[in-house]
Amino acid sequence: MDLGLSGKVALVVASSKGLGKAIAAQLAMEGSDVMLTSRDAEQLEIAREQVLRDARGRVESCPCDITRADEIEALVAVTRERLGPIDILINNAGGPPGGGFDQVDDEAWQAAFELNLLSYVRLIRNVLPDLKENGGRIINVTSSSIKQPIPGLILSNAFRMGILGMAKSLADEL
């Protein structure tokens, strides 16, 4: 089946393993040029080699800590330089640590905010000029907790709902 993704440039966040890697692999199999990214450069290179095996599109990788604004800016610049303007942004991030409300401190709240909400905001902000120009798409991977909060995951529950609210607002705005 041709999904019309051949030649599209996709930036797939947290793509060295798990769901992110699976998404990147499928996009590459469909002919998209894909940028993989994660913090772990060694695991990222292993993933790139694995995704490349069945790829019809180009597959690149660039390490990035998505909690750092400067690294996100560099990632987007490298993606544009190596693959061209970005057509598809797949926002994805691992979950914050578990715990109930009384078990997490301000530091845990701040870290979860940086990883699970602000990183999505920063990534969207950086790729938005390309997406607007090319009619691109944003896919935000979250959690089933957006439908029903999961006990013991207060941080994930809170910030995943924030992503949903932002995405709905952007759908109307853009």
Side-chain angles (χ1 to χ4, degrees), residues 3-28 30-41 43-45 47-48 51 55 57-96 109-143 146 155-156 158-174:
L3 299 177
L5 298 172
S6 185
K8 300 290 186 184
V9 173
L11 171 55
V12 184
V13 181
S15 49
S16 67
K17 58 186 174 185
L19 187 57
K21 181 178 161 188
I23 292 169
Q26 190 63 46
L27 286 166
E30 291 290 334
S32 294
D33 297 328
V34 178
M35 177 61 77
L36 305 173
T37 190
S38 80
R39 288 175 297 199
D40 186 337
Q43 184 62 43
L44 192 55
E45 183 55 28
R48 190 186 73 77
V51 170
R58 296 176 289 171
V59 180
E60 295 282 341
S61 65
C62 178
C64 178
D65 178 348
I66 61 170
T67 65
R68 296 183 43 131
D70 59 328
E71 291 194 27
I72 287 173
E73 289 175 15
L75 169 66
V76 171
V78 167
T79 303
R80 287 180 179 132
E81 177 184 307
R82 292 186 191 169
L83 300 175
I86 298 163
D87 299 296
I88 303 165
L89 171 63
I90 309 289
N91 268 327
N92 182 37
W109 278 99
Q110 186 64 42
F113 169 69
E114 294 279 340
L115 177 64
N116 296 114
L117 182 58
L118 191 55
S119 67
Y120 284 43
V121 170
R122 289 172 171 159
L123 283 153
I124 292 168
R125 185 183 302 133
N126 277 272
V127 302
L128 198 53
D130 292 357
L131 299 179
K132 282 182 173 181
E133 186 171 318
N134 301 330
R137 300 291 185 261
I138 302 165
I139 297 171
N140 294 312
V141 177
T142 60
S143 164
I146 65 168
L155 297 173
S156 182
F159 292 113
R160 305 298 186 170
M161 287 298 291
I163 294 167
L164 179 62
M166 177 184 64
K168 285 183 172 192
S169 295
L170 286 176
D172 288 339
E173 186 177 323
L174 302 175

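Just so you know, residue 1 is the first one in the sequence shown, and it goes up from there.
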Is any side-chain heavy atom of [Y] closer than 4.5 Å to one of [X]?
{"X": "Ile23", "Y": "Ile139", "result": "no"}
{"X": "Leu75", "Y": "Met35", "result": "yes"}
{"X": "Asp40", "Y": "Lys17", "result": "no"}
{"X": "Val12", "Y": "Asn92", "result": "no"}

(request) Going by the side-chain contact (heavy atoms from CB on, under 4.5 Å) test, name the single residue among Asn91, Asn140, Ile138 that passes it with Leu123. (result) Asn91
Could you grab the distance from atom [atom1] of [X] to atom [atom2] of [Y], nearest 0.5 Å is fine?
{"X": "Arg48", "Y": "Ser15", "atom1": "CZ", "atom2": "OG", "result": "12.0 Å"}
{"X": "Arg160", "Y": "Leu155", "atom1": "CZ", "atom2": "CG", "result": "10.5 Å"}
{"X": "Glu60", "Y": "Leu36", "atom1": "CD", "atom2": "CG", "result": "9.0 Å"}
{"X": "Leu11", "Y": "Asp87", "atom1": "CG", "atom2": "CG", "result": "11.5 Å"}
{"X": "Leu118", "Y": "Gln110", "atom1": "CG", "atom2": "CD", "result": "8.5 Å"}
{"X": "Asn134", "Y": "Lys8", "atom1": "CG", "atom2": "NZ", "result": "7.5 Å"}

(message) Could you check whether atom CD of Glu133 has more than 12 heavy atoms from other residues, nucleotides or ligands sitting under 6.0 Å from it?
(response) no
(message) Within a 6.0 Å radius of atom CZ on Arg80, are there more than 12 heavy atoms belonging to other residues, nucleotides or ligands?
(response) yes
Quick check: closest heavy atoms across [X] and [Y], and the distance to 0.1 Å?
{"X": "Ser32", "Y": "Leu5", "value": "OG-O, 2.9 Å"}
{"X": "Cys62", "Y": "Thr37", "value": "O-OG1, 2.6 Å"}
{"X": "Arg82", "Y": "Ser61", "value": "NH1-O, 2.8 Å"}
{"X": "Pro63", "Y": "Leu44", "value": "N-CD2, 3.5 Å"}
{"X": "Val51", "Y": "Ala24", "value": "CG1-O, 4.1 Å"}
{"X": "Ser119", "Y": "Ile66", "value": "CB-O, 3.2 Å"}

(request) List the steps and the verdict of side chain to side chain contact (heavy atoms under 4.5 Å, CB included) for Leu128 and Leu174. (result) CA-CA 10 Å; Leu128 198 53; Leu174 302 175; 3.7 Å; yes
(request) Measure from the side-chain N and O atoms of Asp33 to the backbone N and O of Arg58, and report whether any donor-acceptor pair falls under 3.5 Å. (result) yes
(request) Take the angle between the ring planes of Phe113 and Phe159 and call it parallel below 30°, perpendicular above 60°, tilted in between. (result) tilted
(message) For Ser38, give me all partners under side chain to side chain donor-acceptor pair (under 3.5 Å), at least two apart in sequence or on another chain.
(response)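 In terms of side chain to side chain donor-acceptor pair (under 3.5 Å), with neighbours along the sequence ignored, Ser38 is linked to Ser16.
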(request) Using side chain to side chain donor-acceptor pair (under 3.5 Å) as the criterion, list what pairs up with Glu71, not counting sequence neighbours. (result) Arg68
(request) Indicate yes or no: does Glu114 engage Arg122 in a salt bridge with an N to O separation below 4.0 Å. (result)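 Here Glu114 pairs with Arg122 in a salt bridge, since their nearest N and O are under 4.0 Å apart.
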(request) For the pair Val76 and Ile86, evaluate side chain to side chain contact (heavy atoms under 4.5 Å, CB included) and give the outcome as yes or no after the intermediate values. (result) CA-CA 8 Å; Val76 171; Ile86 298 163; 4.0 Å; yes
(request) Start with the C-alpha distance between Val13 and Ile90, add both sets of side-chain angles, then the distance that settles side chain to side chain contact (heavy atoms under 4.5 Å, CB included), and finish with yes or no. (result) CA-CA 6 Å; Val13 181; Ile90 309 289; over 6 Å; no
